[in-house]
Structures are given as C-alpha cells and as structure tokens.
Amino acid sequence: MKPLVDKELCVACGECIDACPVGAISVGDECAEISDECTLCGMCVDACQYGAISMPDVGTGADEDLSRYKGVWVFVEWRHGTVHRVSYELLTVGRKLAEKKGTDLCAVIQGHKLDGVEKDLFRYGAKTVYVVDHPSLAHFTDEIYGNVLVELVRRYRPEILLAGGTSTGRSFIPRVAAMLQTGLTADCTELDINDEGLLLQTRPAFGGNIMASILCPYRRPQIATVRPKVLRAEPLDMPVDGQVVRPDLPGACFVSRVEVLEEQVLEGPGANIAEADVVVSGGRGLQRKENFAMLEELASLLNGAVGASRGAVEAGLADPSQQVGQTGRTVAPVLYMAVGISGAVQHVVGMQGSKVIVAVNRDPEAPIFDVCHFGVVADLFEFVPAFIRKIRKERGEEV
Amino acid sequence: MHIVVCLKQVPESQNVRIDPKTNTLIRQGVASVLNPFDYFALEAALTIKDERLDTKVTAITMGPPQAKEVLMDALSRGADDAILISHRAFAGADTWATSFTLAAAIRRLEPVDLIVCGKQAIDGDTAQVGPELATILNRPYATYVKSFEFVDDSHLKITRQTDEGVAVWRLPLPALVTVLKDVGEPRPRSYRATLRARRYEIPVWGPEELGVDEDSVGLKGSYTQVVRIFSPERKKDRIMLRGSVEEMVDELYYWLKEQRVPGL
Ligand SMILES: Cc1cc2nc3c(=O)[nH]c(=O)nc-3n(C[C@H](O)[C@H](O)[C@H](O)COP(=O)(O)OP(=O)(O)OC[C@H]3O[C@@H](n4cnc5c(N)ncnc54)[C@H](O)[C@@H]3O)c2cc1C
Ligand SMILES: Nc1ncnc2c1ncn2[C@@H]1O[C@H](COP(=O)(O)O)[C@@H](O)[C@H]1O
C-alpha cells in the first residue's frame, strides 16, 4: 500500500519530495511517484498544496452497526476517596462534545466505599453516572478496572470514551481498547467533532515537535486520553438532574491474576510535583545542595513544589523523586521556573506543557531561553532572593 | 526461562521538526536510534539472565529493514537471539496493528515466560503497545515497573511507579512488564557478544511467516488514522527582561500577576 496520487490534481511541483522523511518520492514527467520505500507516514499528504495526495483507508475491522453507539462517556478516576481533577476537566470537554453531537454526557466511576462522591459529577453535566462499588476495586489493577469498563461499554455502547492520561489511565485504557478492538489516541491536547460527526483528536508526538490529528472512523467507541491540567474544568451554575445507575456485573469481572501486596503514597521532596500549580526547578547552576533551600522558600511562598534537572540529581543536589524530564517526571504546571538549568531536550520534554515558563540563567546562550516565555539573564543567587523579597513585600510581610 | 524484549527504532526526536516556511518535515541529519527507554527493557532481561543461567533472551522489532541495527545492538549487549519483523504490509501500523503483529510473532516464539517493553517510545509517545500486546496475548501485565524480583519460578514481585507513589504487586508468569530506567544502568556492548553478533543471521519474518493476513496488519489493520500532521503553534513571543536585578524582579512579578499565576 502507498498513498494515492491523483494524476489530475498533481502539478509535479516536487514539494512532497522534501516532505518525505524516507526519500520515497520522485517526480516523473507528469506527477509524483512513490516508491516501495514508503512507510505510509502521511507527511506528503499535508505537504501537497493541491490536495493531490491522499492516504489509503485504515481497516474497518469486523462489520458492525456504528449507529448503535450513542453518548459521550468519561471514566472518572477515584483516588483515595476523592475524584482526580482530570475527571472534571474531561467532563467539561465531554459536555461540549455531547452538545455538539446532540447526545448525552455520562460518567463511569469505579472504586470502593465511594460514599457519594458521584453526586459531584452532576455539577459537571453528567446525565447518568454509572457507579461500580466493589471491594476488589479498592486498589487499582489493570485487569479488574479494565474488565469492568469493557463490560459497561459492551452493555451501554457509548460512541466516545474519554479517560485521564494518568499512570492509571495510561496503563489500563489500552487494555480496554484492545479488548474492544478499537482505536485509542493517547494524550490529546484538543478534542472536537468534525463535519462527519467523528471525534477529531489532536495530540503532540516526537516530544512535542509535531502535532497530529487522528480519527477512528470505523470502530466504536472512539477512545482518547488527556493528560491532567491540559484542559480547563468548568462546573455548571446548577447541577443537572441526573440519575445514578448501579449495574449488576458478573463475578468474573472482579477476578485478577495480579495480587496487590502494598500501596505507598510517596513521601519525599518530589511527592506532589506532578500535581502542583507552581514548580520551581533547579539545575547544576545551584552548585550546592544547601542552595536548594532558596528554591524551597520560593516554592512554598507560591504553594508549589521543587523540581530538578537530571544534572542536579546526578550531582547529588536534589532527590531523584524531583527529576523532571524524559527519564523523570512530566509536569505541566501553571508556572514553571527553571533556575540554573541549561535546558537540554531531555529536560524540556518533561516541562514544555507548562502554561508559563520562566528561565533564570547566567548564560544568555542557554537553550532554556528558546522554550521560555520570560527570560531572566542574571545570577540566580542575586535574582531568586530578590524575587522572594518582592513577593513578601507585595504581601505586606516583613522583609 | 525465555524472555522476549520488544525494541523499537525511532528517529532522534529532538531533531524532528517541521520547517515553518514549507510546513514539511525536516529530515536532514535525523539519525535512527534505539528508543532510549528500550535500553532499560533489554537491561532488565539481561539482569535476569545474569542470575538465571538457563535464561534465553530474544530481541524482536517490527520496522523497516534498517531496524535490524537495533537488533545487532541488542545482540552485542548479550541477547541470545533476534528476529526482525519486516514487510511492506506492516507499514503505517497504529498501536493496535503493531501489538497485533508483535503478538503473532511472540506466539511463534512460545513458550515465552516474560515479555519486556520500554516505558514508551519517544516518537509516537503513546505507551500503549505494552498493555495492548499483553491483552491480545491474554497475559497479566504491569506498567511503569521500577524493580522486580522472583518470588518463585513462576511469580514476580514487582514495584510499579504510580502518580502518587508506588504499588507492589505479585505477578504470575507468563506476563508482560513495561519498565522504567530504575531497573538498572544499561550495560555496554561486550567484545565476545559483538563478534558473535557479526556472524549472526537475523531472520526476517513477514505476514507469511507469522501466519497473518496482510489485511490485518499495517495501515489496513489499524483503527486510528492520522489525518493531519502540523507544527505546534508557536508559543507567545518570548520576553527577555532587561535592566538591573531589581527592575527584572519587578517586571517578572508584574507579568506573572498578569498571567494569573496562583499564589501571587
Ligand atoms: C504523530 C503520530 C501520532 C500517533 N498517535 C497514535 C495514537 O494516538 N494512537 C495509536 O494507536 N497510534 C498512534 N501512532 C502510531 C504509533 O506510534 C505506532 O503504532 C507505533 O508502532 C507504536 O509506537 P509507540 O511509539 O506508540 O509505542 P509505545 O507503546 O510508546 O512503545 C512502548 C514499547 O513498546 C515496544 N514497541 C513499540 N513499537 C514497537 C515495534 N515496532 N517493535 C517492537 N517493539 C515495539 C517497545 O518496547 C517500546 O518501548 C502515532 C504515530 C505518529 C507518527
Ligand atoms: N520496507 C519496510 N518493511 C517493513 N516495514 C516497514 C517498511 N517500511 C515501513 N515499515 C513499517 O513502518 C512503520 C513505521 O513505524 P511506526 O509507525 O512507528 O510503527 C512500521 O510499522 C514498519 O513496520
């Protein structure tokens, strides 16, 4: 299979030659020609201004009546007695998608001893909340969480299913997609309904250098995950008058081959770094472990957490739990302050989703300045204490 | 014990960019490398082999012919066998079609006690292949594994990273794990293994060898379709602050307040 070239539309301009990452395109006398080297990546399709290149179709899978699937579902993540914020963010976008499609928004919540947390979901527009409360859901396992969700999807047939791109969602939603034999788009940053009524899923790839829009045309549900804090949560002024449904599920759903022995909530300096709205991170530029105290003071003033670059962790300045980046944690706070961090790509991929990035570095050539919104070329040992004093002064605190 | 390690060849992601003028992918100087997370998958398998001498490690990859390079690398670090899954029909696979194809290959390699994958690949960035592969093969799995030990010959005790901390699970074999860098520093190539790798003929499996229909793999076997690829919107123009430290402090405070940073 290869992309299809429309001979009528192609003007043999050669733009697609440069777009092809594997050099599979050449231009003959009249139109572009694609060789067997082609990997079907699709780059040429977008490069062609004349709309002459199109991709062959994806598989349809087993024949199924897609019109039997209706409604937008959000998998609500329950954690130690509370609902994870990403679920409210998803309900908000799900509500908009449901409106656009003229269908209902529903929520699914699984856990044990839920104690009425499901009521809150009506404030976000869920018309129906499916509640599965069972002792074997007290701790997360891919198998039971997956089996239950698959059983509900098979029974009620939603058209769209959204879940959080958390360590839980990213782990068991692929199982759900594989059991249902449907597509799954990871870590979307934008969701919309296209002209044909399909879920248009846009996501970054290649470490954020490229965006891709993805459809799942022939299978249902269309499933997408979204990372926390990418979208905004907006409650309704008035909760909707919805219903709670407690489906009776077969016992086989609650059997797991995995046994949970222990769960520990992480203590230590990096514990809340993925959740915090403000992250102040330090790099090798801090030179000594004691100097991190300055960042801790700043972070605590802003109710934030302290992160670190790999360099700082390897030099023993910070704890491994604090590492942000490709081999550490991915964060996307409202404010990310990179202090004394050079900005190696491996660090940048872990923080580039932040809303506001401030870089403080002595070296004006440091690559971190390429990704920041506000750049401060200064000695951090002067700047950070001065910034702390400023915040205290503005608050009317003694300095 | 037979362990299969799934490896992926990826473009070095930091070099993949779209040319803002032509809106096309810049391909000059983009090298293909082993997905960095997959070094840890290989290392995890080799650590088990260090302790359990009867262990055989097979490295597999699906990709174009040049993906053979990552298998040579794995052999040079101590993998016993390697299989390249390559055929035109596999092109354009999404995670489902990738997992389906890898599953067909693993069925041919059975008995397989443990499958090890990396945490995620840095090009697609989905982290879906491990869980989907395990599900297709009907095996239990654990993602984001930091460490593991054998409880007995047929059970692993694994520690997995969660957003909030860690979870410790007892995982019966045969199983699949996706691993983090915590499993150990990847070992270098060894001289002996490299010599052996040079003489090793890597078998190439296509749809026929796997016994799968060409329509069930690659783009045809995929459920998701990439309809558009484009550059991310450029961030708002960067502001470099000027003046003395005091002036910059005042200005930054002003901007952050403007951006409604909580806590200010
Ligand atoms: C821009 C873009 C966006 C995409 N978005 C999606 C999407 O949202 N949904 C979707 O279904 N597909 C998507 N794909 C396709 C997907 O990337 C490919 O299907 C790919 O084969 C799976 O790779 P991954 O990077 O997602 O793998 P991951 O699941 O992140 O890889 C995890 C591990 O699986 C193993 N592994 C993965 N691929 C192979 C392989 N070929 N051979 C051996 N082992 C392997 C490795 O151990 C690896 O460390 C996208 C592709 C592109 C280019
Ligand atoms: N000549 C080829 N032989 C085999 N596979 C190929 C070839 N060209 C491209 N591919 C496939 O191209 C796809 C690109 O990788 P990915 O989209 O990341 O899974 C893989 O599925 C490869 O198997």
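Chain letters run A, B, ... following the sequence lines, proteins first, then strands; residues in each count from 1.
For A:Leu200, the part sitting under 4.5 Å from any heavy atom of chain B is the side chain, from C-beta outward, and nothing else. Heavy-atom distances place both the backbone and the side chain of A:Ser171 under 4.5 Å from chain B. Of the atoms belonging to B:Lys220, heavy atoms from both backbone and side chain fall under 4.5 Å from chain A. Looking at A:Gln264, the atoms closer than 4.5 Å to chain B (heavy atoms on both sides) sit in the backbone and in the side chain alike. Contacts between A:Thr202 and chain B at a heavy-atom distance below 4.5 Å involve the side chain alone, from C-beta outward. Contacts of A:Val278 with chain B are made by side-chain atoms alone, with heavy-atom separations under 4.5 Å and no backbone atom involved. Interface remark: A:Asp142 contributes backbone and side-chain atoms alike to the contact with chain B (heavy atom separation under 4.5 Å). Interface remark: B:Arg160 contributes side-chain atoms only to the contact with chain A (heavy atom separation under 4.5 Å). If you measure heavy-atom distances from A:Val358 to chain B, the contacts under 4.5 Å come from the side chain alone. Only the side chain of B:Tyr144 comes within contact range of chain A, judged by heavy atoms closer than 4.5 Å. With a threshold of 4.5 angstrom between heavy atoms, B:Glu214 does not approach chain A through any atom at all. Interface remark: A:Phe383 contributes backbone and side-chain atoms alike to the contact with chain B (heavy atom separation under 4.5 Å).
Between chain A and the residues B:Ile136, B:Leu264, B:Asp182, the largest count of heavy-atom pairs under 4.5 Å involves B:Leu264. In terms of heavy-atom pairs under 4.5 Å with chain B, the best-connected choice from A:Gly304, A:Ala274, A:Ala378, A:Pro56 is A:Pro56. Your options are B:Val166, B:Asp163, B:Val245, B:Thr135, and the one with the most heavy-atom pairs under 4.5 Å with chain A is B:Asp163. Comparing A:Thr189, A:Val260, A:Asp379 by heavy-atom pairs within less than 4.5 Å of chain B, the highest count is held by A:Val260. Of the listed residues B:Ala167, B:Pro140, B:Ser99, B:Ala97, the one with more heavy-atom pairs under 4.5 angstrom with chain A than any other is B:Pro140. Counting heavy-atom pairs closer than 4.5 Å to chain A, the top-ranked of the candidates B:Phe100, B:Phe40, B:Tyr141 is B:Tyr141. Put simply, of A:Val334, A:Leu302, A:Thr141, A:Val258, the one with the most heavy-atom pairs under 4.5 Å next to chain B is A:Val258. When each of A:Glu382, A:Arg257, A:Arg329 is scored by its heavy-atom pairs under 4.5 Å with chain B, the top score falls to A:Arg257. Chain A forms the most heavy-atom pairs under 4.5 Å with one residue out of B:Thr162, B:Leu171, B:Leu180, and that residue is B:Thr162. Counting heavy-atom pairs closer than 4.5 Å to chain B, the top residue among A:Thr166, A:Leu301, A:Thr225, A:Asn303 is A:Thr166. When the candidates B:Leu133, B:Thr178, B:Ile158, B:Asp250 are compared by the number of heavy-atom contacts under 4.5 Å with chain A, B:Asp250 comes out ahead.
Side chains of A:Pro217 and A:Val58 form a contact here, defined as non-hydrogen atoms less than 4.5 Å apart. Between B:Trp255 and A:Val356 the shortest side-chain heavy-atom distance does not fall below 4.5 Å.
Heavy atoms only, all atoms of each residue included: B:Pro207 and B:His87 are closest at CD-CG, 3.3 Å. Summarising the geometry of A:Leu40 relative to B:Gly92, their closest heavy-atom pair is CB-CA, 4.0 Å, with the distance given to 0.1 Å.
Atom CZ of A:Arg395 has more than 12 neighbouring heavy atoms from other residues, nucleotides or ligands inside a 6.0 Å radius. Within a 6.0 Å sphere centred on CZ of B:Arg260, heavy atoms belonging to other residues, nucleotides or ligands number 12 at most. Around atom CD of A:Gln181, more than 12 heavy atoms belonging to other residues, nucleotides or ligands sit under 6.0 Å away.
B:Arg228 forms a cation-pi arrangement with B:Phe230, by the criterion of a distance under 6.0 Å to the ring centre and an angle within 45° of the ring axis.
Taken to the nearest 0.5 Å, the CZ atom of A:Arg170 stands 10.0 Å off from the CG atom of A:Leu184.
Put simply, the residue from B:Asn35, B:Asp123, B:Thr61 that forms a side-chain hydrogen bond (donor to acceptor under 3.5 Å, both in side chains) with B:Lys8 is B:Asp123. When B:Asp38, B:Asp125, B:Thr126 are each tested for a side-chain hydrogen bond (donor to acceptor under 3.5 Å, both in side chains) with B:Gln120, only one passes: B:Asp125.
Note: B:Trp169 and A:Phe140 have tilted aromatic rings, judged against thresholds of 30 and 60 degrees for the angle between ring planes.
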